[in-house]
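Read the numbers this way: they start at 1 and go in the same order the structure lists the ligands and their atoms.
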Amino acid sequence: MTIWQDLLDKAQSVQSREIGELFEKGNRAAGFSRETGPFLFDFSKTNIDAETLDLLVKLAEEKEVAARAEAMFTGEKINDTEGRAVLHTALRNLDTDVFVDGENVMPEVRATYARMEAFARDVREGKFTGQGGKITDVVNIGIGGSDLGPAMATLALAPYHDGPRCHFVSNVDGAHIHDTLAGLNPETTLVIVASKTFTTIETMTNAETAKRWMAEKVSDPAQQFAALSTSAEKTAAFGIDQARVFGFADWVGGRYSMWGPIGLSLMIAIGPEGFAGFLRGAATMDAHFRKAEFKDNLPVLLALVGIWHNQFCDYATRAVLPYDQRLARLPAYLQQLEMESNGKRVSMDGKDLPYNSGPVVWGEPGTNGQHAFYQLIHQGTRVIPCEFMVAAEGHEPDLAHQHTLLVANCLAQSEALMRGRSLAEATEIMRKKGFEGDELDRQARHRVFPGSRPSTTLLYPKLTPEVFGGIVALYEHRVFVEGVILGINSFDQWGVELGKELALALAPVLKGEDAGEGKDGSTRQLVARVQSLRG
Ligand code: F6P
């Protein structure tokens with residue numbers, strides 16, 4: 001018997017067990033919660049018992065998660081379909097030397113970081129200006145990992161934002177850049193073109209649009225552009241002065257890149273000190289991930305809970321539900337982090353995966369989601385494991401009563417999901433409302449909550465830069481551990497290529513420059529209709 005099979009059998013055998021029953025013996029909450037630094041991770045409201053946890057930990061050991069993690073941290077080329085090391089952790093552990101191909105990569109990382117700091121200070125203090133004076137607005141143009149991270153972080157850390165306003169343009173839809181630039185003064189705007197490859201069509205198109213917009217008012221627009229990229233040649237060809245080009249190596253994956261130059265907009269927003277706190281929080285999580293035993297290791301446990309739900313209980317999606325309005329972009333960020341990393345059907349050795357790839361990830365901040373899709377989470381036919389997160393305290397002391405309500409809602413949801421409401425309880429409620437007979441039964445059945453629906457809660461004191469950095473690193477390592485257990489290369493993304501190629505080929509067809517030979521009937525019909533509608 002393999003551990004995998006044991007876990008499948010275990011999932012089968014506990015399928016009808018009520019999660020609530022697990023609380024009848026011992027101190028379930030303490031036994032199935034872990035703390036590190038500012039975080040309490042409570043996974044007691046899942047159907048994982050001591051035996052399951054033990055098996056899951058053994059699974060992580062069998063898959064050599066620790067050795068793979070060390071290989072990552074020490075610069076081995078674990079992204080072997082691209083022949084690259086995976087060293088985003090080097091961007092936040094600036095004191096530790098790391099070698100790739102025998103070369104210490106850290107002097108350059110530190111030098112670039114120092115240049116970022118100096119530039120961020122100059123922008124914030126008005127030493128770097130636009131043609132019209134001090135920079136009032138920063139527009140980050142990027143997409144995917146060159147957008148989601150800094151956009152999420154700038155919103156998350158809004159209470160620390162004391163630099164110029166920041167805007168994020170990602171979509172090739174002209175509406176995005178149009179609406180963003182509409183209210184801005186080109187003479188006091190800094191445009192940051194963020195693209196690891198500096199070839200991404202959306203970003204390059206938007207960057208050209210921004211350049212034209214600026215050129216209408218600014219004599220030398222390139223002076224108000226900065227670039228974040230691995231390609232010095234392409235940034236130079238775009239006309240950006242190398243003094244404002246912040247480079248990084250190919251061992252920083254796009255969706256893992258906000259810790260370095262791609263985080264420049266965040267650094268300008270909250271200042272180098274705040275940014276350093278963000279890195280510190282992540283580095284502390286890195287150290288915990290590297291050192292803590294698996295049974296006490298937050299990223300490993302979060303991954304094991306995820307693997308349990310996705311692989312063994314066959315729950316296809318997971319909801320991420322931050323009770324924190326400023327984490328509104330976290331679900332979108334995690335969609336890229338998790339689904340671009342582990343949404344793969346072939347394992348490292350090129351064989352078909354014998355089980356599901358990573359889950360569908362989705363979510364919204366609470367309490368908004370409660371008034372939208374929680375109905376299905378509570379009473380739908382599918383089980384959706386929920387990952388709640390909440391700060392004990394908000395940043396608005398005058399509105400502490402609102403924060404209390406927020407926390408109460410968060411805790412109440414996980415309680416409701418687990419506890420449910422039986423038919424007997426629902427019947428009693430409806431009887432008191434005056435229903436009887438068949439109608440009583442019918443009305444009561446609509447009000448039954450099956451309960452025993454799993455959730456985890458991540459609790460932290462307050463969303464500071466350190467805490468936020470820790471949360472993001474926690475999720476990064478969770479994705480890594482899940483990928484190792486599934487035998488997936490979490491660091492390539494070949495699945496995004498085909499659509500990009502076809503889009504490039506379709507643009508001339510839409511413009512009527514190419515007949516579109518060989519296109520399927522549906523695509524030809526849609527092209528023809530667009531052409532006729534556009535005249
Ligand atoms: O298309 C997917 C992707 O390659 C992501 O992995 C990446 O974050 C995004 O595009 C943007 O890429 P770049 O930073 O090179 O513009």
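Side-chain contact between L148 and M258: absent, with no pair of heavy atoms (C-beta onward) separated by less than 4.5 Å.
Residue Q336 places a heavy atom less than 4.0 Å from ligand 1.
Counting only heavy atoms of the protein, atom 2 (C) of ligand 1 lies nearest to E340 OE2, 3.5 Å. Considering only non-hydrogen protein atoms, atom 12 (O) of ligand 1 sits nearest to T200 OG1, 3.5 Å. Among protein heavy atoms, atom 9 (C) of ligand 1 sits closest to I143 O, 3.6 Å. For atom 8 (O) of ligand 1, the closest heavy atom belonging to the protein is G145 N, 2.7 Å. The protein heavy atom nearest to atom 10 (O) of ligand 1 is K500 NZ, 4.3 Å.
Of the listed options S146, S231, G149, S146 places a heavy atom closest to atom 14 (O) of ligand 1.
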- [ ] Apply ring pair (Phe, Tyr, Trp, His ring centres under 6.0 Å) to the pair Y160 and H395, showing each step before the final yes or no.
- [x] CA-CA 10 Å; Y160 303 87; H395 281 92; 5.4 Å; yes

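Cation-pi geometry between R92 and W259 is met: the NZ or CZ atom falls under 6.0 Å from the ring centre, inside 45° of the normal. By the 6.0 Å and 45° rule, K134 does not stack over the aromatic ring of F128.
Considering backbone and side-chain N/O atoms, G254 never comes within less than 3.5 Å of an N/O atom of ligand 1. Below 3.5 Å of separation, one finds no N or O of T203 facing any N or O of ligand 1.
Residue contacts with ligand 1, taken as heavy atom pairs separated by less than 4.0 Å, involve T197 via backbone and side-chain atoms alike.
We find that R110 and E117 are not joined by a salt bridge, their nearest charged nitrogen and carboxylate oxygen being 4.0 Å or further apart.
Atom CD of E64 sits in a sparse spot, with 12 or fewer heavy atoms from other residues, nucleotides or ligands closer than 6.0 Å.
A salt bridge (charged side-chain N to carboxylate O under 4.0 Å, His left out) check over residues 167-193, counting only residues at least two apart or in different chains, returns nothing.
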